[in-house]
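Notes for the one structure printed next.
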Amino acid sequence: MKKSLSLLLAGTLLLSGCSTEQTTQTEQTTPAQTEAATEASTEAPTETASEATEEEEGLKDGTYTATGSGYGGDVEVALTVTDGKMSGIEITGGNETSLVQNRMLPVLEERILEAQSPVVDSVSGATFTSYAVKKAVADAAKEAGVDFGEITMATAGPEEAAQELEAVETDLVIVGGGPAGLGAAIAASDAGLTDIIVVEKLDILGGNGKFDMNFFDLINSQAMIEAGNEMTKEEFIASKESSWDSPERIQAWADGEWELDEWLRSYGVELNYNYGGTNHMAEADAYAGEEILDGMEAKVKELGIDVRTGTKGYDLIIDDSGKVTGVKVQNKNNTYDINAKAVIIATGGFCYNKELLAEYAPGYEVLNTSNQMGATGDFVKVFEKNGYALDHMDTMSVFSNIIVPRRDLTGGADLALEVNAEGELMVHEGTSLDRGKTILEQTGKSVFYITDQTGYDSFYRIRKHVGLGYYSQGETLADLAEALGIDKEQLQATVDEYNSNLPEGKRAFDQEGPFYGVKVEAANHMTKGGVLANENAQVLTTENEVVEGLYAAGEVTSTSGAYSAAVVFGRISGTKAAEYILGE
C-alpha cells in the first residue's frame, strides 16, 4: 500500500521561486460542472481500454502532440510511443495551474503508462487538468493508430472489487496531508519518531494552504527584523484578545509563531518579503503557500516518511478505555486499519460540504467556496458520535472576491469599484453572508471587480492575475465594459459619480486607462469551528477531558487562527504525540 513520494515530487522542487506562473486556487467541480460532466457521460459513454479499436499494427512509434481543454485553458500534450507502447507523456504548452499540474502529471502518467490507456482515474485535486491530459493522450494515440473512444469528465478506470486488507502497524498516523499534517509529520520526526504514516485522501498533497499568497501572524521573522517591523510575543497576544481560543492556546500560538520562521528556514523554506504587519510572501513576486509546500514535501521525502495519497481516513479505532488506537482508511475500494500509538487529525474544514454547512452554519451553504475539494469535514460526525467537543461550528470566514468561474482569491488593489452587469455601483451593508447573498441576486449571480492602472500597480495579486489572462483589459472604460459585458454608459456614469463624491481619505479613480476588470463573487473561505483541542493539540471531550492518543491541528479544530496557526499547531501536535509515544 505504500505509495512512493518520488513520483509525487517529480519536478516539485523546481516550483520554488517560480510562483508568478502559478495560481491561487485548486481545481474542483462546481455542481453545474458536475451535472454537465454527468450529462456528457450519459450522452457519450466512454469506451473501456478493452473496447479500444486498434489497427493491426497498433501504436506506431514516434511523438504525437494534441490539445485538451483544462481548468485554465488549453493544455498541449506530447505522447511518446516506443516499441509500440506508450512510453512518456509531457505537457508542452498551455496556461494551466503549474502548482497543481506538476504534482498531477507524474501520478497520471504512471496510471496511463501502466494501463497503456487514457481510460484511467483522474487525479483527485486536479480533475480538470487530468481530463485535459487524458483527452489529449487519447487524441494523440488515435493519430498513432489506436482509438480509445471519447474521453469525458466522467472517464475512469475499471472499478476494483472491494477488499478488506490486512491491518498496518505504526507508531503515529496523521490523517491529512496539508500544512498542519505535513508540519506534524516533520515535527514528530524531529522529536525522534521513525515510524510515521501520513494518509491524504486526494492524490496530491498540500490542502488549501499551497494556494495562499499570504502567510500572516508570523512574528520574529528574518524579513520583519530586516524591515525594522518587530512585534513582541506580548503584542501578539494582545492582538488576539478578541479570539475565542483559550489563553493557554494563545500563549502556545505566540510561542510557536515566534520560532516558526527559524524552523521553516531550517529545511529551506524562506519567506523573505514582509509587506506590513505580520504579512509574509516568499518574495515580492512569489506566493508563500507554494514555497512552504515545496519545502515541506521535500523534507518529508528526505525523512523517509510513509505518505499514502488517495487514502481517506473515515473512522477512529478506539479501545474499551476510550483511548484512540488507530484509524480506519480506504484506498479506492480497499479498506484497512492502521493501528497506531497515537493519531493526529489534520483533515481541514467543511467548506466543500453543503450538507454540513446547512446543518452547522445555516445560510452559508448558498455560497460557493474558495476552499479545495478535500474540505468535506470527514471527521465531524466521528467527533460528534464519540462525544468530542465541537465549538464555533457556525463561525465562517467569507472572502469578498473570488474569480468566476476559476475561484482564485482576488482583489487587494488600493482602489477598486464593484459594479453589477448594469454598471451600477454595489454598496454592501450587513454581514459577509448578506454581501454574498446580495451578489447572488445580481444579473449572472455575480458582479465585477474593476480597478485602474494605479490599482494594478498597488498589489502583486492583481498584476499576477492580469499577467495570467484572468482579467479583461480596456484602454478606456467603454472598452473594458464591452469586454466584460457591462453597460458602458452606466459604468462611466458610476465612475464619474464616485469621483465627484469621494469618500474621505480615498483617491479618485484614474481618468485615463488602461483599466482592468474581472467577474467575481463572494465565497466561503474557511470554516472556523471544529473539534476542540487544548494548547498541546490534544482533543477534548464535551466534559473537557483529554482524549488519550488523539490530537488535532489546523482547520479541523475550533480556532480563530489561519494558515500559520495550522503549521504552528501541526508542529505542536507532532511534538506532543511523539513525546507521548516515546514516553510510554
Side-chain angles (χ1 to χ4, degrees), residues 170-193 195-200 207 245-246 248-253 255-256 260 296 300 305-307 313-319 321-329 338-349 377-380 382-384 386-391 529-559 561 565-584:
T170 189
D171 284 340
L172 174 65
V173 59
I174 300 166
V175 186
L182 296 181
I186 295 168
S189 178
D190 289 345
L193 282 188
D195 196 354
I196 303 166
I197 294 176
V198 176
V199 296
E200 165 56 49
D245 295 81
S246 70
E248 294 81 9
R249 268 184 67 94
I250 293 174
Q251 182 65 60
W253 185 4
D255 292 340
L260 186 55
M296 282 187 165
V300 164
I305 293 170
D306 182 353
V307 176
Y314 66 89
D315 205 354
L316 296 171
I317 302 170
I318 305 171
D319 70 14
S321 71
K323 176 183 175 181
V324 174
T325 60
V327 175
K328 292 183 175 295
V329 302
I338 300 179
N339 298 318
K341 297 174 182 176
V343 174
I344 297 173
I345 305 296
T347 49
D378 299 336
F379 276 82
V380 168
V382 175
F383 297 143
E384 199 169 61
N386 287 298
Y388 305 156
L390 297 177
D391 186 44
V531 70
L532 198 60
N534 65 15
E535 67 275 14
N536 295 320
Q538 295 167 295
V539 170
L540 302 175
T541 69
T542 54
E543 302 299 320
N544 204 37
E545 297 176 345
V546 169
V547 179
E548 186 177 359
L550 183 61
Y551 302 78
E555 196 181 341
V556 74
T557 63
S558 171
T559 177
V567 180
V568 166
F569 283 98
R571 284 191 69 205
I572 291 172
S573 68
T575 301
K576 295 300 181 180
E579 291 174 355
Y580 167 75
I581 292 167
L582 295 173
E584 283 190 330

Shortest non-hydrogen separation from [X] to [Y] and the atoms involved:
{"X": "Ser558", "Y": "Asp391", "answer": "OG-OD2, 3.1 Å"}
{"X": "Tyr580", "Y": "Glu548", "answer": "OH-OE2, 2.8 Å"}
{"X": "Val567", "Y": "Pro179", "answer": "CG2-CB, 3.9 Å"}
{"X": "Ala188", "Y": "Ala578", "answer": "O-CB, 4.0 Å"}
{"X": "Val556", "Y": "Ala552", "answer": "CG1-CB, 4.1 Å"}
{"X": "Ala346", "Y": "Ala180", "answer": "CB-CB, 4.0 Å"}

For the residue pair [X] and [Y], establish whether any side-chain heavy-atom pair is separated by less than 4.5 Å.
{"X": "Val531", "Y": "Leu390", "answer": "yes"}
{"X": "Val198", "Y": "Val300", "answer": "no"}
{"X": "Phe379", "Y": "Leu316", "answer": "yes"}
{"X": "Glu248", "Y": "Asn534", "answer": "no"}
{"X": "Ile317", "Y": "Lys328", "answer": "yes"}
{"X": "Thr575", "Y": "Asp190", "answer": "no"}
{"X": "Ser189", "Y": "Ile196", "answer": "yes"}
{"X": "Arg571", "Y": "Leu260", "answer": "yes"}

Would you give the length of the straight line joining atom [atom1] of [X] to atom [atom2] of [Y], rounded to the nearest 0.5 angstrom?
{"X": "Ile344", "Y": "Leu172", "atom1": "CD1", "atom2": "CG", "value": "4.5 Å"}
{"X": "Asp195", "Y": "Ile305", "atom1": "CG", "atom2": "CD1", "value": "10.5 Å"}
{"X": "Leu550", "Y": "Asn386", "atom1": "CG", "atom2": "CG", "value": "9.0 Å"}
{"X": "Glu200", "Y": "Ile174", "atom1": "CD", "atom2": "CD1", "value": "12.0 Å"}
{"X": "Ile581", "Y": "Asp171", "atom1": "CD1", "atom2": "CG", "value": "5.5 Å"}
{"X": "Asn544", "Y": "Leu532", "atom1": "CG", "atom2": "CG", "value": "7.0 Å"}

### Task
Output, in order, the C-alpha distance, side-chain angles, deciding distance and verdict of side chain to side chain contact (heavy atoms under 4.5 Å, CB included) for Leu540 and Val546.
CA-CA 5 Å; Leu540 302 175; Val546 169; 3.8 Å; yes
### Task
Apply side chain to side chain contact (heavy atoms under 4.5 Å, CB included) to Thr557 and Phe569, showing your working.
CA-CA 10 Å; Thr557 63; Phe569 283 98; over 6 Å; no
### Query
Between the side chain of Asn536 and the main-chain N/O of Gln538, is any donor-acceptor distance below 3.5 Å?
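Side chain of Asn536 to backbone of Gln538: no pair is present.
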